[in-house]
Amino acid sequence: SRMGIESPVYWDPFDPDIARDPYPVYRRMRAEAPVYYNDVHDFYALSRFEDVDRALLDWQTFSSAKGPILEIIKADIEIPPGTLIMDDPPSHDIYRSLLSRVFTPKRVLSLEPRIRAYCVRSLDRLAGLDQFDLMTNFANEIPMRVIGMLLGIPEDDQQTIRDKADHNLRTERGKPMQVPEDRSIGNPELFADYIDWRRDHPADDLMTELIRAEFEDVHGVRRTLTRDEILTYVNVLAGAGNETTARLIGWLGSLLAEHPDQRAELVADPSLIPNAIEETLRFEPIGHAIARYVTTDVELHGATVPAGSAVTIIVASANRDETRWDEPDRFDIHRKVHQLRTFGMGPHFCLGNALARLEARVALEEFLQRFPVWSVDRDVLELSSTSTVRGWAALPITIG
Ligand code: HEM
């Protein structure tokens, strides 16, 4: 480009260099290209707070029927019925209300003592160490145990299940996610044996409740879930609840190391922890963008997004929109964090948000009690960034 003339804004969600600090790019998109088009990967992007809300609320125009992940939309994969996160009302609402009936706030809250016990067990193993990787030794461990106990997966099998479930989401650095050759998503058979086993050995867990739950299906027929429908739920929960929450704990680890004064406040007054988690969710949201498929032409800011396009809705940009937030690029655990978009909005608003917040709170409470001071070296940290989840692949920390 010629001297003095800025090149047009460019955003590539698969570019690892942009992913390290995408916020200046989002700022330019909000200002210069509110309806951004990327011709390399052929998708549109919305970055302003009000456009993010508009798109997430208008499910008729911005459909989830092809999934909420850019690569999956573009691959045009056939989605099994009941895949909640890849479905539109009215069918979506039937499956969502069934899950909300068994995945209640009361059930979530009742998990707190067991979550705390898992945290204590992990952290006790780290006592006395000067250095360790916060991700493998702590952050990755907790959500896996929690999902495992929710779904009734025996403890010895949880790691295997997690490795296999995560394998789906792996991408090569700087490349879009590869859609498997058989075009299957999730690992449909991964949990099948547990469902069959649970049917004969009911317990006080979510799996048992899914097996027993009666509902009225799309045809108005009252029945219980089929094995395939239960499998789909289990896959969605394992896929949505593991890596996301682990990455959140990782961001707490790096952001608090980089803001030692605010960390000291949390150590002195743990009642500030929940708000610090809200601010972390705003400042470094785990998934930066949610994708949709446009069903009809959309006119926006003088541009047309044609029917059939894939659109990414950048919640990470909404969380830093200067028209909505005061000094959005400042990390402040005292900030009043209203209008967070990290968990989405509208019909697909994250069903696990209370669980993720609970796990992060308990994890941080227990961690700060044992390790009030630690440091990280951001220059050596490796970021893992896919179109769905962004966080530390490893987070080596030094205690003291
Ligand atoms: C949906 C984020 C943790 C279960 C969503 C959506 C987002 C999100 C953005 C909406 C996707 C869309 O609109 O297409 C997160 C983040 C988490 C987290 C950032 C952690 C920090 C969890 C956990 C669970 C969970 C722990 C459950 C164990 C779900 C489910 C949906 C969902 C079932 C689908 C809801 C629907 O389609 O109606 N999540 N999530 N999430 N999440 Fe989470």
Side-chain angles (χ1 to χ4, degrees), residues 52-53 55-59 62-70 72-73 79 82-100 102-105 107-108 111 115 139 142-151 153 162 165 186 205-207 210 232-252 277-278 280-293 311-316 318-319 340-364 387-391:
V52 165
D53 270 14
L56 288 177
L57 289 171
D58 180 4
W59 58 265
F62 297 88
S63 166
S64 291
K66 288 173 187 275
I69 298 174
L70 188 58
I72 290 181
I73 295 176
I79 313 279
T83 313
L84 212 64
I85 206 162
M86 307 191 177
D87 196 4
D88 288 330
S91 151
H92 163 267
D93 296 357
I94 292 174
Y95 287 103
R96 181 172 169 114
S97 74
L98 191 156
L99 185 59
S100 342
V102 299
F103 191 37
T104 57
R107 176 174 288 282
V108 169
L111 301 176
I115 296 174
I142 306 309
M144 169 181 86
R145 300 280 172 224
V146 173
I147 294 287
M149 101 186 142
L150 261 182
L151 298 178
I153 311 282
R162 197 204 132 110
D205 62 29
L206 198 119
M207 180 93 90
L210 283 176
T232 304
Y233 271 124
V234 169
N235 258 305
V236 168
L237 286 170
N242 252 323
E243 195 179 355
T244 46
T245 314
R247 301 294 179 211
L248 168 59
I249 297 171
W251 281 115
L252 286 165
I277 291 167
E278 296 308 294
T280 301
L281 284 162
R282 181 193 73 85
F283 197 76
E284 293 289 9
I286 320 308
H288 274 211
I290 301 171
R292 295 287 189 258
Y293 159 77
V311 177
T312 63
I313 301 162
I314 312 177
V315 291
N319 282 351
L340 190 68
R341 290 297 174 262
T342 304
F343 291 113
M345 170 83 167
H348 294 278
F349 181 71
C350 177
L351 264 177
N353 77 87
L355 180 58
R357 285 167 156 139
L358 173 66
E359 289 180 51
R361 173 172 64 75
V362 172
L364 188 55
S387 67
T388 46
V389 176
R390 176 174 171 276

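Sequential numbering from 1 along the given sequence is applied to the chain's residues. First listed ligand is number 1; within each ligand, the first listed atom is number 1.
- Nearest protein heavy-atom neighbour of atom 15 (C) of ligand 1: Phe343 CD2, 3.7 Å.
- Of the possible polar contacts, none joining the Arg292 side chain to the Leu56 backbone as a donor-acceptor pair under 3.5 Å is found.
- Between Ala55 and Phe62 the shortest heavy-atom distance is O-CB, 3.4 Å.
- Remark: side-chain polar atoms of Thr245 are not paired, donor with acceptor, to backbone N or O of Pro143 under 3.5 angstrom.
- For ligand 1, the atoms closer than 4.0 angstrom to any heavy atom of Ala356 are 3 (C), 20 (C), 21 (C).
- Looking from atom 10 (C) of ligand 1 to the surrounding protein, the closest heavy atom is His348 O, 3.4 Å.
- Residue-to-ligand polar distances place Arg96 within reach of ligand 1: an N/O pair is separated by less than 3.5 Å.
- No side-chain heavy atom of Ser64 sits less than 4.5 Å from a side-chain heavy atom of Ile85.
- Between the side chain of Tyr233 and the main chain of Tyr95, a donor-acceptor pair closer than 3.5 Å is present.
- The backbone N or O of Met86 sits nowhere less than 3.5 Å from a side-chain atom of His348 that would complete a donor-acceptor pair.
- Annotation: atom 19 (C) of ligand 1 to nearest protein heavy atom, Ile286 CG1, 3.7 Å.
- The closest protein non-hydrogen atom to atom 24 (C) of ligand 1 is Gly352 CA, 3.4 Å.
- Of all the listed residues (Gly241, Ala55, Cys350), Gly241 holds the heavy atom that lies closest to atom 26 (C) of ligand 1.
- Side-chain atoms of Arg96 come within 3.5 Å of backbone N or O of Pro347 as a donor-acceptor pair.
- Shown in contact with Pro347 at under 4.0 Å from a heavy atom are these atoms of ligand 1, numbered in order with element: 38 (O).
- In this structure, Pro285 does not count as a contact residue of ligand 1, since none of its heavy atoms falls inside 4.0 Å of the ligand.
- Scanning Met345, Arg292, Arg357 for the heavy atom closest to atom 13 (O) of ligand 1 points to Arg292.
- Between the side chain of Asn319 and the backbone N or O of Arg341, at least one donor-acceptor pair lies under 3.5 Å.
- Residues Ile147 and Gly241 come closest through the heavy atom pair CD1-CA, 4.0 Å.
- Near Gly344, with a cut-off below 4.0 Å to any heavy atom, the atoms of ligand 1 are 9 (C).
- Note on ring orientation: taking the six-membered ring where Trp is involved, the planes of Phe349 and Phe343 are perpendicular (angle over 60°, cut-offs 30° and 60°).
- Annotation: atom 22 (C) of ligand 1 to nearest protein heavy atom, Ala240 O, 3.4 Å.
- In terms of polar-atom proximity, defined here as any N/O pair under 3.5 Å, His92 does make such a contact with ligand 1.
- For ligand 1, the atoms sitting less than 4.0 Å from at least one non-hydrogen atom of Ile147 are 28 (C), numbered in the order shown with element in parentheses.
- Shortest contact from atom 9 (C) of ligand 1 to any protein heavy atom: Thr342 O, 3.4 Å.
- Proximity annotation for atom 18 (C) of ligand 1: of Ile290, Leu237, Thr244, Leu351, Thr244 comes nearest, heavy atoms only.
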